[in-house]
Amino acid sequence: VQLQASGGGLVQAGGSLRLSCAASKMRIAIYDMGWYRQISGEERELVASIGVTGNIKYADSVKGRFSISRDNAENTVFLQMSSLKPEDTAVYYCNAVRSRKPWGKGTLVTVSS
């Protein structure tokens with residue numbers, strides 16, 4: 001299984017980024033999927049999830065600014081991030097919410113003030 005996150009980069013505060021996560025050897029349609037982030041020195045946290053039936057949850061810290069979606073046909077999960085803040089700076093990963101697979105390398109998002 002490979003979970004390849006992409007789309008990160010350097011952005012100014014208030015800016016936007018769209019992350020993508022392409023899965024291989026794993027059919028995401030049968031999994032609740034999530035976006036996680038790991039801020040340097042802290043534990044990895046779940047920031048957004050989308051269930052098999054489309055139910056969506058967000059961490060309070062990103063609610064109203066981030067939007068998760070999925071394309072089962074393309075086996076890809078997306079995270080649209082807007083109104084970015086410096087505290088959103090982290091490495092972002094996707095994975096199943098349960099029955100997690102090996103973590104991919106993630107994609108680095110850096111938000112400058």
Side-chain angles (χ1 to χ4, degrees):
V1 173
Q2 282 192 326
L3 294 162
Q4 183 70 43
S6 61
L10 174 63
V11 63
Q12 288 189 331
S16 300
L17 283 173
R18 179 176 170 84
L19 306 184
S20 299
C21 177
S24 60
K25 298 182 181 179
M26 171 189 177
R27 192 162 65 95
I28 70 165
I30 64 173
Y31 293 94
D32 296 340
M33 295 296 296
W35 278 97
Y36 301 76
R37 69 184 181 190
Q38 186 165 24
I39 298 169
S40 181
E42 299 183 11
E43 290 191 359
R44 197 170 290 163
E45 63 169 340
L46 177 66
V47 296
S49 65
I50 182 165
V52 170
T53 57
N55 55 303
I56 290 173
K57 296 180 182 178
Y58 297 101
D60 288 343
S61 58
V62 306
K63 201 171 292 183
R65 301 187 298 120
F66 289 12
S67 177
I68 188 171
S69 59
R70 63 195 298 161
D71 184 334
N72 290 335
E74 294 295 325
N75 222 30
T76 302
V77 185
F78 303 97
L79 187 68
Q80 178 68 46
M81 306 187 296
S82 303
S83 302
L84 283 161
K85 304 176 181 180
E87 51 263 44
D88 294 319
T89 295
V91 179
Y92 286 73
Y93 307 82
C94 76
N95 210 325
V97 175
R98 288 169 287 278
S99 302
R100 285 194 209 125
K101 308 305 176 185
W103 293 97
K105 291 184 179 180
T107 186
L108 176 62
V109 172
T110 304
V111 185
S112 63
S113 56

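Across all non-hydrogen atoms, the minimal contact from Lys63 to Asp60 is NZ-OD1, 3.1 Å. Ala96 and Ser99 make their closest contact through CB-O, 3.9 Å (heavy atoms, listed as atom of the first residue, atom of the second, distance).
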Audit row: Asp88, Lys85, salt bridge (charged side-chain N to carboxylate O under 4.0 Å, His left out) steps and yes/no
CA-CA 5 Å; Asp88 294 319; Lys85 304 176 181 180; over 6 Å; no
Go through the steps to decide whether Thr110 and Val11 satisfy the test side-chain contact (heavy atoms from CB on, under 4.5 Å), and finish with yes or no.
CA-CA 6 Å; Thr110 304; Val11 63; over 6 Å; no
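Between Val109 and Thr89, every side-chain heavy-atom pair lies at or beyond the 4.5 Å cut-off. Residues Gln80 and Ser16 form a side-chain contact, since some pair of their non-hydrogen atoms from C-beta on lies under 4.5 Å apart. Under the 4.5 Å side-chain criterion, counting only non-hydrogen atoms from C-beta, Val77 is in contact with Ile68. Taking 4.5 Å as the limit, every side-chain heavy atom of Glu45 sits out of range of all side-chain heavy atoms of Tyr36. Side-chain atoms of Gln12 and Val111, non-hydrogen and from C-beta on, never get closer than 4.5 Å to each other.
To the nearest 0.5 Å, atom OG of residue Ser24 and atom CD of residue Gln4 are 8.5 Å apart. Here the CD1 atom belonging to Ile28 is positioned 8.0 Å from the SG atom belonging to Cys21, to the nearest 0.5 angstrom. Taking CZ of Arg44 as the start and CD1 of Ile39 as the end, the distance is 12.5 Å to the nearest 0.5 Å. Between atom CZ of residue Phe66 and atom CH2 of residue Trp35 there is a gap of 11.0 Å, rounded to the nearest 0.5 Å. Separation of atoms OG1 (Thr107) and CG (Leu19) is listed at 6.0 Å; rounding is to 0.5 Å. A distance of 8.5 Å separates CZ in Arg18 from OG in Ser67, rounded to the nearest 0.5 Å.
Under a 3.5 Å cut-off, the side chain of Asn72 and the backbone N or O of Asn75 do not form any donor-acceptor pair. A donor-acceptor contact shorter than 3.5 Å links the side chain of Asp32 to the backbone of Val52. Arg27 places no side-chain N or O within 3.5 Å of a backbone atom of Ala23 that could act as its donor or acceptor partner.
Counted within 6.0 Å of CD on Glu87, heavy atoms from surrounding residues, nucleotides or ligands total more than 12; the atom is thus considered enclosed.
In terms of hydrophobic clustering, with Ile, Leu, Val, Met, Phe, Trp and Tyr side chains grouped at heavy-atom distances under 4.5 Å, Leu46 and Tyr93 are assigned to a common cluster. Cluster annotation: Leu17 is not connected to Val91 through the hydrophobic network of ILVMFWY side chains, with a link wherever side-chain heavy atoms come within less than 4.5 Å. Note on Val47: it does not cluster hydrophobically with Leu108, by side-chain heavy-atom contacts below 4.5 Å among ILVMFWY residues.
Checked by atom type, the side-chain pair Arg37/Tyr92 shows a donor-acceptor distance below 3.5 Å.
Phe78 does not carry Arg70 over the face of its six-membered ring by the limits of under 6.0 Å from the centre and within 45° of the normal.
Residues satisfying the side chain to side chain contact (heavy atoms under 4.5 Å, CB included) criterion with Lys101, sequence neighbours excluded, are Val1, Leu3, Met26, Tyr31, Asn95.
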